[in-house]
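The structure appears right after this line, and notes come after that.
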There are 2 protein chains.
Amino acid sequence: MTYRFPSLNGLKAFEAAARHLSFKAAAAELGVTAGAVSQQVKRLEMSLGIALFRRLPQGLLLTQEGTAYLPEISRAFDVLTDATEAIAPALNGRKLSIGLDPVVVDKLPKGWPRHTNELKPYVREIRATRDVELIWSNEVDALILAEATRHGNLVEQKVCLSGDTAPIYFVTRPGLAECRQSRAILEALTS
Amino acid sequence: MTYRFPSLNGLKAFEAAARHLSFKAAAAELGVTAGAVSQQVKRLEMSLGIALFRRLPQGLLLTQEGTAYLPEISRAFDVLTDATEAIAPALNGRKLSIGLDPVVVDKLPKGWPRHTNELKPYVREIRATRDVELIWSNEVDALILAEATRHGNLVEQKVCLSGDTAPIYFVTRPGLAECRQSRAILEALTS
DNA sequence: GGAAGAGACTGAGATTTTCTGAGTCTCGCG
DNA sequence: CGCGAGACTCAGAAAATCTCAGTCTCTTCC
């Protein structure tokens with residue numbers, strides 16, 4: 001299958017513009033300038049060798065092909081959106097599941113129990129475990145460990161506690177390391 | 001809907017890699033290097049906050065999420081492919097429909113009838129018309145006109161015939177102007 | 001046990017794609 | 001006829017993506 005795909009940006013631009021019948025409105029929706037949308041759609045039309053819009057002075061009009069294309073493209077985007085939302089609910093607002101190495105518990109700052117309360121908006125549960133496997137199986141989102149794992153593919157952040165005890169480690173998948181939730185947890189640990 | 005889409009490249013990389021369970025094989029299919037696929041997939045995983053693959057020394061393995069994701073993504077791509085193929089059959093091998101302005105016929109090189117024979121692989125039909133509308137409605141792919149249209153959005157190529165008659169114009173939608181088919185026609189006109 | 005091979009990863013720099021910003025054009029309206 | 005709206009173009013800026021070279025781990029084969 002050597003079929004060369006039209007670009008996703010082009011299709012998104014087309015989809016938005018076709019719904020609004022306006023490049024300007026589509027640009028606003030996509031958060032770019034109208035010129036960008038115009039260029040995207042033109043590139044798409046060029047790569048297809050087909051006119052999707054009629055540019056009339058009064059505004060845009062879909063050609064017959066554009067009319068036929070739109071519902072299909074929308075449907076495909078819906079499939080992508082639904083599938084994505086199903087496996088990876090937007091991080092925004094999602095509560096993490098944390099694995100806490102039993103060995104670490106003693107080392108935690110004495111204010112920790114109070115902090116766990118403040119973390120409620122960000123944390124769904126705290127399990128006693130040090131099993132890195134649970135990260136890969138997506139059963140927990142992060143681990144708080146006593147020792148570095150030296151496990152490639154994982155993000156490991158060393159945390160130096162206030163006392164002069166040994167450091168502990170906050171371990172997550174890439175992509176979760178910098179999210180709001182992780183930052184809140186790290187802050188609670190260091191304070 | 002402020003949902004930020006995972007990038008198409010990332011999804012394509014994921015889809016190919018998941019089918020092959022190999023970044024290297026996916027890279028070959030996509031015509032890029034393995035490093036590029038690796039980076040694409042990693043970016044995708046980061047943007048989702050989810051691990052899609054387990055990287056084992058023995059090779060790749062889909063996580064549970066990856067397994068659930070794959071068929072949906074494939075399906076969406078199928079929809080895009082089918083819809084695209086339906087409205088815009090790959091240019092490669094497609095025969096064009098040409099509109100020939102009756103006024104131009106006399107001016108054509110005397111070898112033209114012979115050329116129309118040679119153009120068969122590229123041309124489906126030649127209609128007598130000078131109606132620019134037919135380009136926009138995708139009823140014809142190009143026009144051969146006696147006069148310039150000064151019609152924005154169309155590509156107009158001036159053709160100077162061998163005699164010292166007035167030039168004629170080859171008019172197409174953007175995207176069709178440089179294709180093999182158009183070049184063959186232009187060549188037949190000028191020779 | 002060691003050498004060689006396979007496949008994935010990373011970082012830097014090159015390349016390509018996409019976006020912006022300013023200016024132009026056409027049309028419809030007052 | 002001057003204005004405003006919306007689409008277009010071009011050049012340059014910015015961002016995303018790719019390649020390349022080198023590293024690492026594990027497996028296989030002497």
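As a basis for the values below, the full set of heavy atoms in this structure was taken, side chains included, without hydrogen atoms, waters or symmetry mates. Every chain is numbered from 1 and lettered A, B, ... according to where its sequence line falls, protein lines coming before strand lines.
The side chain of Ser38(B) places an N or O atom within less than 4.0 Å of a non-bridging phosphate oxygen (OP1 or OP2) of dC9(C). In this structure, Arg55(B) reaches the dC9(C) phosphate: one of its side-chain N or O atoms is under 4.0 Å from OP1 or OP2. For the OP1/OP2 pair of dA7(D) and a distance below 4.0 Å, the side-chain nitrogens and oxygens of Ser22(A) include at least one atom meeting the criterion. One finds a side-chain N or O of Lys42(B) lying less than 4.0 angstrom from the OP1 or OP2 phosphate oxygen of dT10(C). Within the structure, every side-chain polar atom (N or O) of Thr33(A) is placed at least 4.0 Å from both OP1 and OP2 of dC19(C).
Nearest to the side-chain atoms of Val32(A) among the listed nucleotides dT17(D), dC19(C), dT19(D) stands dC19(C). Comparing atom distances between the Asn9(B) side chain and each of dT17(D), dT18(C), dA8(C) picks out dT17(D) as nearest.
The interatomic distance linking Leu60(A) (CG) with dC27(C) (C1') rounds to 14 Å, in whole Å. Remark: P of dA7(D) and NE2 of His20(A) are 12 Å apart, rounded to the nearest angstrom. As a whole-Å value, the separation of Gln39(A) CD from dA13(D) P is 16 Å. Atom P of nucleotide dA16(D) and atom CG of Leu44(B) are separated by 15 Å, given to the nearest angstrom. Counting to the nearest Å, the C1' atom of dT27(D) and the CG atom of Leu56(B) are 14 Å from each other. Atom-to-atom, NZ of Lys24(A) to P of dA7(D) comes out at 8 Å; the value is rounded to the nearest Å. Separating the CG atom of Leu8(A) from the C1' atom of dT17(D) is a distance of 15 Å, rounded to the nearest angstrom. Counting to the nearest Å, the C1' atom of dT20(C) and the CG atom of Leu30(A) are 15 Å from each other.
Aromatic ring pairs are classed by plane angle as parallel below 30°, tilted from 30° to 60° and perpendicular above 60°; the pair Phe23(B) and Phe53(B) is perpendicular.
Ile87(B) and Ile50(A) make their closest contact through O-CD1, 3.5 Å (heavy atoms, listed as atom of the first residue, atom of the second, distance). Looking at every heavy atom in both residues, Ala13(A) comes nearest to Leu30(A) through CA-CD1, 3.9 Å.
Within the 4.0 angstrom heavy-atom criterion, only backbone atoms of the sugar-phosphate kind lie near Gln40(B); the bases stay farther away. Across all strands shown, Ala34(B) has no heavy atoms under 4.0 Å from either base or sugar-phosphate atoms.
Among residues two or more places apart in sequence or in another chain, the ring-ring contact (aromatic ring centres under 6.0 Å, His included) test is passed with Phe77(A) by Phe5(B).
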Can you list the steps and then say if Arg75(A) with Glu72(A) is a salt bridge (charged side-chain N to carboxylate O under 4.0 Å, His left out)? CA-CA 5 Å; Arg75(A) 192 160 67 84; Glu72(A) 296 299 297; 3.4 Å; yes
